[in-house]
Amino acid sequence: MRRANNRLLVFCVVIIHFLWGTSFWKGIQPNSNRIRLDFAADTVVVPLSKSCSISRDSLSTKNITSLPFPIGSRYKDMSLLASEIKTISHIPRKRQIVITHRSRLCANPYVIGRLSGEYVSIVQNWTRLPINDTAEALSQLVGHYNVPSKGKYYLEIIGLLCNDLSWDGEYKHVCLEDPSYMKLTDDWAHIYVDSLGANENTLDRDVVIGHWKMSNKVVSMPLQTRYQPEGCRGNKDERCFLPMSKDRFDPYQFEFQNQNTTFLIQDRVMAANEANHNILLCFVGLSHAREMAAAVNLWLQKWNTSNINAVSVDAQFPRLVNRQFIQSKIIGRKCTRTVIAAGQWSVGRTPPGSKYAGLPPTQFPQYRDEIHNMIVDLQASDANGIFLRSIHYNSLGDVKLTCPPQDWRHPAVIDQLNMIIKNLTQSMGVQFIDTSQIIGPMWDTAGDFCHYRNDDVSSSEALYMLGRLIQKESVL
């Protein structure tokens, strides 16, 4: 009997030794916050953040079975969404991240996931899948990632909204979750990417522009979301400096899929310039259009072009780009290419001294109508070379994190605007320039929590923009 027990002990030791060095063991390290469901054989569970247990314990004392507060308020020192999370898991062969959560309070959460390691990638295309065969009401959010190399990647997931914004709902008073408790994953949570093959559920069908790559000279660290805590505007003490610092982004540079992209675009631009074609690139919008025109001009100045210039044309809202505007500001100015991205003022805090002060954010159906009518007017005009561009993400600045918010340019709203623009340009036959592969992974880098200026993000986006606007036919 003793000999049989010894054999069993040796067998168990061998099995544990084998599992210790595998990604299986790395994914199931003990964590009191995690409850494993019926996962597939190759699923690896990701450690949850402390805010999940803190929020769950806090919520349990309140005996809540439905949304406990009116729109425009939130609980302090907890996150409703974090309290609902049961597990976060990784399915390597499908390149999927799966969040399993209770749906009694948060039936349709909005989350942001980001991988960081040799490359940085956003977890995208989240889809909601209800689970019907469990003892309690559960749902799953399934997201997909795309990185060009295998290896260890840190995973951060934050929950912005317990319930995502509805298409026709009022969102002026909808508060984001408490920023101190947004994080759903452990600070050092990571996955191991071992599959790079095509998958119909990922972004492989889309044209890959490139990736944000980490310098080989630094040690990989988790890339955590940057935000501006309350009371930190102009404040540089440690409480404010750490969450607001941009140093975390220094190791990363954008690497185009084609390593010769910069030279190819430069050759194309120089050929157009030497052909003595006066090319005027017009960027319609407001401050973001001005910053983009400035970034494009930096490239043109670097290449010593004299016949190609970029300018910005002011239009705070899509509804202002009407027939009179098109005739006087686009056609009258002789714009060769025109890029329109009017959306920041539609959902942002309007300056107190402006004539638009106090305007509420534009509702999504109204924004769709404004974009539609703008495209109709553009197509009815003699304007040529018209493009619509994706609206930039804004970082989580203090005015977006107040409750109720004073500014609504957070990713949940911007995603809705970009979906409207993308759908309408496709259905109405207008060219669309989507720079989300450049902006998305670095969505929280803007120094003032709004504008991308004088940094790798604005420079990479401007170069890509030149590549889209100065095509071979421009040289002829």
Between D444 and R114 (salt bridge meaning N to carboxylate O under 4.0 Å), is one present in this structure?
yes
Any ion pair linking K150 and D194 (charged N to carboxylate O, less than 4.0 Å)?
no
By ring pair (Phe, Tyr, Trp, His ring centres under 6.0 Å) - contacts of [X] (at least two apart):
X	answer
Y119	H211
Y464	none
F325	none
H410	none

Using 0.5 Å steps for rounding, measure from the [atom1] atom of [X] to the [atom2] atom of [Y].
X	Y	atom1	atom2	result
I438	S459	CD1	OG	9.5 Å
M182	L184	CE	CG	10.0 Å
T338	I386	OG1	CD1	4.0 Å
D178	E230	CG	CD	9.5 Å
I158	Q224	CD1	CD	11.0 Å
L469	Q431	CG	CD	9.0 Å

Closest heavy-atom contact between [X] and [Y]?
X	Y	answer
S346	F317	OG-CD2, 3.8 Å
V313	C282	CG2-CB, 4.2 Å
A357	P352	CB-O, 3.2 Å
I375	M428	CG2-CE, 3.4 Å
V457	M442	CG2-CB, 3.8 Å
G343	Y367	CA-OH, 3.8 Å

Do any N or O atoms from the side chain of [X] and from the backbone of [Y] form a donor-acceptor pair under 3.5 angstrom?
X	Y	answer
R468	L463	no
Q96	P92	no
S427	N423	yes
S354	Y356	yes
S121	N146	yes
R248	P243	yes
N163	N108	yes
E370	T362	no
R95	H90	no
K400	R409	no

Between [Y] and [X], is there a side-chain donor-acceptor contact under 3.5 Å, judged purely by atom types and distance?
X	Y	answer
T100	Q140	yes
S51	S49	yes
Q253	S215	no
D187	Y154	no
D455	S458	yes
D415	Y393	yes
D448	H451	yes
N394	Q344	yes

For residues [X] and [Y], determine if any side-chain heavy atom of one lies less than 4.5 Å from a side-chain heavy atom of the other.
X	Y	answer
Q426	F432	no
S245	R226	no
Q437	V208	yes
V111	I99	yes
F249	L223	yes
N235	F241	no
H101	P109	yes
R239	C232	yes

Residues forming a side-chain contact (heavy atoms from CB on, under 4.5 Å) with E238, sequence neighbours excluded:
L242
Criterion side-chain contact (heavy atoms from CB on, under 4.5 Å) on I88 and I157, from CA distance to verdict:
CA-CA 9 Å; I88 298 176; I157 298 177; 3.9 Å; yes
Checking side chain to side chain donor-acceptor pair (under 3.5 Å) for the pair T225/E156: CA distance, chi angles, key distance, verdict?
CA-CA 8 Å; T225 299; E156 185 197 48; 2.7 Å; yes
So Y171 and F364, would you call those rings parallel, tilted or perpendicular, with 30° and 60° as cut-offs?
parallel
Looking at residues at least two apart in the chain, or sitting in another chain, which of them share a side-chain hydrogen bond (donor to acceptor under 3.5 Å, both in side chains) with S312?
none
Over 12 non-hydrogen atoms of neighbours within 6.0 angstrom of CZ in R368
no
Around M419, counting heavy atoms of other residues, nucleotides and ligands shown, do more than 12 lie under 6.0 Å from its CE?
no
Looking at the rings of Y252 and W212, which for Trp means the six-membered one, are their centres under 6.0 Å apart?
no
With ring centroids as reference points, do Y153 and H190 lie under 6.0 angstrom apart?
no
Candidate pair V347 and I414, rule side-chain contact (heavy atoms from CB on, under 4.5 Å), full reasoning
CA-CA 8 Å; V347 296; I414 299 301; 4.3 Å; yes
How far apart are the C-alpha atoms of K152 and S220, what are their side-chain angles, what is the distance that settles it, and do they pass the side-chain contact (heavy atoms from CB on, under 4.5 Å) test?
CA-CA 9 Å; K152 177 181 176 180; S220 177; over 6 Å; no
Does the pair R290 and D314 meet the rule for a salt bridge (charged side-chain N to carboxylate O under 4.0 Å, His left out), with working shown?
CA-CA 9 Å; R290 288 198 292 266; D314 289 354; 3.6 Å; yes
